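Working notes for the structure below.
Source: prediction; values computed, not measured.
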2 protein chains.
Amino acid sequence: MSQMQNVERQLREMILGLEIGPGEKLTERWIEGRFGASRTPVRAALLRLETEGLVGRDGRGWTVSPINLAELEQIAVYREAVEVAAVRLTCMHAESSAIDVIEAMLDSCDDNTPREEWHRVGMDFHIELARLSGNEFLFRAVRDAMTRLSRARWLEVRDEAALGRAWAEHRAILAAARLGDADQAARLLSAHIVGSRDRLVTSLANDRRGLRARGFAVVAA
Amino acid sequence: MSQMQNVERQLREMILGLEIGPGEKLTERWIEGRFGASRTPVRAALLRLETEGLVGRDGRGWTVSPINLAELEQIAVYREAVEVAAVRLTCMHAESSAIDVIEAMLDSCDDNTPREEWHRVGMDFHIELARLSGNEFLFRAVRDAMTRLSRARWLEVRDEAALGRAWAEHRAILAAARLGDADQAARLLSAHIVGSRDRLVTSLANDRRGLRARGFAVVAA
DNA sequence: GATACCATTTTGGGATACCAAACTGGTATC
DNA sequence: GATACCAGTTTGGTATCCCAAAATGGTATC
């Protein structure tokens with residue numbers, strides 16, 4: 001694998017894993033030293049991550065994008081538009097076996113599964129469902145939106161009950177998709193996204209002080 | 001302005017203006033010489049344009065993205081999802097004066113207006129309408145989709161009648177938005193996009209031979 | 001004439017050198 | 001003590017150099 005992809009992947013993981021906090025300044029030279037690459041691949045990686053919204057310009061320099069509550073709400077609206085469109089397409093032509101694969105992903109999580117894995121599967125559910133639409137642009141839109149949301153979801157305080165409810169909603173959406181009931185699937189997915197947004201925003205707004213204390217930049221809505 | 005932005009802007013204009021044909025190979029060294037910049041800004045520009053879908057990798061090298069009929073159809077579906085969502089938001093809270101600004105854009109085109117300007121205003125109509133939604137992600141999605149479509153629209157054979165029909169549809173959408181009739185605006189916009197796609201795909205499919213003869217790579221649906 | 005093969009050139013990926021602008025820390029001044 | 005100012009350092013932007021891999025083109029072979 002090329003150095004550029006290497007730096008990009010590792011830096012992305014550090015940002016998404018909150019090993020580098022939202023709002024932190026980045027210097028090309030620090031990244032260079034940290035990953036043992038020269039500035040050429042570092043710059044390429046930063047340019048890529050900028051388009052993903054994970055880093056941004058701060059005057060002349062680079063900054064890990066802060067977590068922005070207003071942005072999270074806007075992403076939820078965007079997600080709703082593209083995911084609902086995608087699931088409608090999926091209902092029209094997806095094969096049951098493809099739905100089974102996604103259902104198996106959900107099944108793979110149980111009481112022993114680490115929280116991080118639940119987090120990942122919860123995102124992949126939406127991404128893979130969008131992939132089944134067969135529309136590359138809807139798929140990418142969902143994938144990119146989930147990437148932008150993923151740090152916030154990491155911070156979210158999720159109780160067991162909320163997690164169970166989310167999984168039940170996921171299964172209900174799959175059931176509707178399996179029957180080809182586009183309206184029902186759209187309705188359920190839409191409600192799921194709105195509910196998910198509400199819980200997320202509430203959780204983060206309540207915990208904003210704590211997050212700031214941990215050194216994370218959190219911008220108000 | 002920095003060299004990077006300069007190279008990016010000029011190269012984008014050349015690609016969108018078909019001064020460099022779809023499917024043509026690009027070398028970093030050629031761009032370097034063409035714009036009098038060194039490879040660093042050239043590479044940054046290429047990375048950016050890659051995320052816009054205007055250039056792509058061809059093995060190790062770079063290629064101006066060919067015009068892909070299947071992709072155009074997928075973009076239309078994507079556009080429909082995000083533009084309809086945006087216009088619904090716009091109906092909920094946009095001020096009449098903001099609608100007036102867009103209407104004025106439409107008015108600015110008359111019989112003496114060059115074709116290129118009609119083309120640009122036709123795109124800006126959709127972009128500015130999406131901007132009024134206030135949702136940054138829906139806005140960017142529309143803007144990026146229009147960018148990807150713009151080369152194809154340039155090639156499209158548009159008769160006067162079709163252009164007039166499109167403008168009438170634009171005005172009808174604005175009228176609905178002004179009244180805050182979200183359902184009606186959504187319906188009209190959706191029909192407009194579908195009709196626009198049909199005309200575009202038909203036109204390009206019929207003219208594919210001619211386009212290839214002019215040296216443009218056009219990929220079948 | 002087609003093809004396999006090799007020398008040469010070209011090209012993108014990476015590393016490094018240089019510069020001007022921005023930042024930093026300390027100092028003199030009021 | 002606050003502030004204006006200046007030297008030194010850091011940093012991103014750019015240019016340039018090096019390299020291995022890929023493309024190229026000519027040639028020998030069948």
Worksheet item: What integer distance in Å separates A:Leu46:CG from D:dT11:C1'?
Response: 13 Å
Worksheet, complete the sentence: Any strand, both distances under 3.5 Å, Watson-Crick or G-U wobble: D:dC30 pairs with C:dG1
Item to complete: Ignoring backbone atoms, establish whether B:Gln5 has a side-chain N or O less than 4.0 Å from OP1 or OP2 of D:dG13.
Response: no
Worksheet entry | Point-to-point distance, once rounded to the nearest 0.5 Å, from OH of B:Tyr78 to CD of B:Glu71 | 12.0 Å
Item to complete: Please work out which of the three classes, parallel, tilted or perpendicular, describes the rings of A:His126 and A:His170, given edges at 30° and 60°.
Response: perpendicular
Just the table, please: protein N/O against nucleotides 7-11 of chain C N/O, every pair under 3.5 Å.
from   : atom 1 : to      : atom 2 : distance (Å)
C:dT11 : O2     : B:Arg60 : NH1    : 3.3
C:dT11 : O2     : B:Arg60 : NH2    : 2.5

Fill in: Any residue meeting salt bridge (charged side-chain N to carboxylate O under 4.0 Å, His left out) with A:Glu8, in chain and number order, not counting sequence neighbours
A:Arg12, A:Arg48
Practice prompt. Just call it for A:Ser2: base, sugar-phosphate, or nothing, with non-hydrogen atoms closer than 4.0 Å on any strand.
Written response: sugar-phosphate
Worksheet entry | Whole-Å gap separating P (D:dA22) and NZ (B:Lys25) | 15 Å
Discussion item. In this structure, how many angstroms lie between the C1' atom of D:dT11 and the CG atom of A:Asp58, rounded?
Written reply: 13 Å
Worksheet, complete the sentence: Rounded to the nearest 0.5 Å, the OG1 atom of A:Thr147 sits from the CD1 atom of A:Ile127 at a distance of 6.0 Å
Worksheet entry | Spacing between A:Glu8 atom CD and C:dG13 atom P, to the nearest angstrom | 13 Å
Practice prompt. Quick one: label B:Ala37 by what it contacts on the DNA or RNA (base, sugar-phosphate, nothing), any heavy atom closer than 4.0 Å.
Written response: sugar-phosphate
Worksheet, complete the sentence: Here the distance between atom C1' of C:dT16 and atom CD of A:Glu32, to the nearest Å, is 9 Å
Discussion item. Please determine whether the number of non-hydrogen atoms from other residues, nucleotides or ligands lying under 6.0 Å from atom CH2 of A:Trp154 exceeds 12.
Written reply: no
Item to complete: Would you tell me whether B:Ser203 and B:Glu156 have side-chain atoms, one donor and one acceptor, within less than 3.5 Å of each other?
Response: no
Discussion item. Tell me whether the side-chain N/O atoms of B:Ser38 come closer than 4.0 Å to OP1 or OP2 in D:dA15.
Written reply: yes
Worksheet item: What about B:Arg43: does its side chain form a donor-acceptor pair under 3.5 Å with the base of C:dG14?
Response: yes
Item to complete: Count the heavy atoms of every other residue, nucleotide or ligand shown that sit under 6.0 Å from CD of B:Glu19, and state whether that count exceeds 12.
Response: yes
Practice prompt. Using atom CZ of A:Phe35 as one end and atom P of C:dG13 as the other, report the distance to the nearest whole Å.
Written response: 20 Å
Fill in: Protein-nucleotide distance (A:Trp30, atom CH2; D:dG12, atom P), rounded to Å
13 Å
